[in-house]
Amino acid sequence: MLKHFDVAFRHNGRLNDTFGGVGKKWTRPTGYDTGLKTYNSLTKQKEPLVLAQEGIATWYSCGPTVYDHAHLGHACSYVRFDIIQRVLSRVFGINVIHVMVITDIDDKIIRRALEKSISPTVLARMYEEEFKNDMLALKVLPPAVYLRVTENIPQIVAFIEGIIRNEHAYATKQGDVYFDIRSIGDRYGKLMGAGDVAGEPGDTEKRDSRDFALWKASKPQEPSWESPWGKGRPGWHIECSTIASSVFGSQLDIHSGGIDLAFPHHENEIAQCEAYHQCGQWGNYFLHSGHLHLKGSAEKMSKSLNNYITIKDFLESYSANEFRMFCLLTKYRSAIDYSDASLNEGRSSLATITAFTHDAQAYMRGQLQCQAVQEGALWERLAETKANVVRALADDFDTPRVVNAIMSLVYYGNCHLQPITKPDGSPRTPAVFGAILAYIRETFEVLGVDLLDRKEAHSVDSSGTLENVVEQLARFRSDVRAFALSVEDTPPGEPVPASQRPRSERLPLLKACDTLRKDLAPLGVHIRDRGPNSTWEISQKRSAGQDKEK
């Protein structure tokens, strides 16, 4: 139930020091210090992350306005915050209680529904379902609960009534309700600063051009609900303030969204909540993700600019893993350029990790003969990497540093996997490579990157039959190749002359082995010959669109 605090803070229409004297100053919360630091848009700097309750983070995020397909700009923001939530819960043991609103009534929804000659409800449900499927395809964990605006109208009306009772909003003769900006003095502009505040279009009876709508009077052909001010529907900003308050009350740990939502949306949310709850600081931390830009353009990717790529279309050419790696390579609050080159950087990093994984596994199985491994140095580098990764994540979730640390570990491991043509009697040390592979796999799994591609593997063959067939094929090819590479018999105890070559009658067998290797590559089966030994791996078959990029 929504909490309402009796108003005992006013004198001659002005707030007393309990509420109004705080101004724009941020107050460090009291509670549980996580030991992490995060950039807070309220202070424009990194702050210690302090939660109201130990081990619990209350988190509210603005969900989509469901009038059209979700695009990569949306995907970038949701994936980035999904990464942060995964880190909080799986690295630092914090239970994130995440609530997201679905805006299913809005000017854009109404206009689009009229264009398509369908009801706004049907349109909204259709695109809401598509959004959820897109998030699932991108491996974004769902919130604890999705809440629709249209299913919270009574709560929204009650919330507006509370703001009016606290003398921070007023109704007009036309049946609109506006927030009274001047009633909160210098408290407005916490995120953007008073100099950045601009008005929005509206009723001529507004007291101040900056006042914004809490309730909009009904217009012909628009959905409407009953209220004390007549039939109408909620304004955009009030829905988030109401729903966040209905779940979390008068205090919220973290609020997230794209940087374009900071003003006016988040600014107005803060004003509404602090006016309703009569509190000095409603949201303690505001996290904003940077825009996604098309390469070479200063404009963000957006529907209004008609320069967007839908998530569904994108996933026909790239995988969810590749997009997530693309996001990991930049800080979540930085702008990010979308281009084939930047996406291929993420794809290349994944390919490097995959190649190292297969080589390390081949070494562990005894299929790859290498020079003596410096086991102690590898264990030391692994421990160093683990410490660096935790430090980077605790410092405003610095994922580029995390990826760099892991790639450095991969390169270092590769230096120890130099193949040799003949065994030199060095002992194998498979345990350290097993530990390295497990750590890399677990770390990326925390970040939402599935290096095992389990979903895709199951769709191809959940029983592992394909892998077994390839194993037998590769083994048969290795036997044939070893036979073809053998030279003329040399008397026992005598060195084999360096000039000797495989028997001429066996050369067609070598050619057949090479042809088989080349023919299997386009089918996703990659065999690598390393001296007398061979390793293999199965990769996803690339689409025609991807092949054209090369």
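The model shown is predicted, which means the values in this text are computed figures rather than measured ones.
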Donor-acceptor contacts, no H, no angles, side chain residues 93-102, under 3.5 Å, sequence neighbours left out:
| unit_1 | atom_1 | unit_2 | atom_2 | d |
| --- | --- | --- | --- | --- |
| His98 | ND1 | Gln85 | OE1 | 3.4 |
| His98 | ND1 | Gln85 | NE2 | 3.4 |
| His98 | NE2 | Ser61 | OG | 2.6 |

Side-chain donor/acceptor of [X] to backbone N/O of [Y], under 3.5 Å:
| X | Y | result |
| --- | --- | --- |
| Asn166 | Ala275 | yes |
| Glu226 | Lys231 | no |
| Ser245 | Thr242 | no |
| Thr310 | His69 | no |
| Trp26 | Asn284 | yes |

Could you tell me whether the side chain of Phe212 reaches within less than 4.5 Å of the side chain of Asn268, counting heavy atoms only?
yes
With a 4.5 Å cut-off on side-chain heavy atoms, are Ile105 and Trp225 touching?
yes
Partners of [X] by ring-ring contact (aromatic ring centres under 6.0 Å, His included), sequence neighbours excluded?
| X | answer |
| --- | --- |
| Tyr78 | Phe131 |
| His265 | Trp236, His237 |
| Phe314 | Tyr318, Phe323 |

Under the side-chain contact (heavy atoms from CB on, under 4.5 Å) test, which residues partner Arg90, sequence neighbours left out?
Arg86, Leu141, Val446
Cation-pi check, Lys331 onto Phe397 ring (under 6.0 Å, within 45° of axis)
no
When you measure from the centre of the six-membered ring of Tyr178, is the NZ or CZ of Arg207 closer than 6.0 Å and no more than 45° off the axis?
no
Which atom pairs, one a donor and one an acceptor, fall under 3.5 Å between side chains of residues 110-118 and the rest of the protein, sequence neighbours left out?
| unit_1 | atom_1 | unit_2 | atom_2 | d |
| --- | --- | --- | --- | --- |
| Arg112 | NE | Glu115 | OE1 | 3.3 |
| Arg112 | NH1 | Tyr67 | O | 3.3 |
| Arg112 | NH1 | Asp68 | OD2 | 3.3 |

Take a 6.0 Å sphere around CD of Glu151 and say whether it holds more than 12 heavy atoms from other residues, nucleotides or ligands.
yes
According to the interplanar angle, ranging from 0 to 90°, do the rings of His255 and Phe286 count as parallel (below 30°), tilted (30 to 60°) or perpendicular (above 60°)?
parallel
Please evaluate residues Tyr39 and Leu287 with respect to the criterion side-chain contact (heavy atoms from CB on, under 4.5 Å), reporting the C-alpha separation (whole Å), side-chain torsions for both, the decisive distance (0.1 Å), and the verdict.
CA-CA 7 Å; Tyr39 186 89; Leu287 275 57; over 6 Å; no
Working note: Thr65 + Asp106, criterion side chain to side chain donor-acceptor pair (under 3.5 Å); need CA distance, chi angles, decisive distance, verdict.
CA-CA 8 Å; Thr65 300; Asp106 172 86; 5.0 Å; no
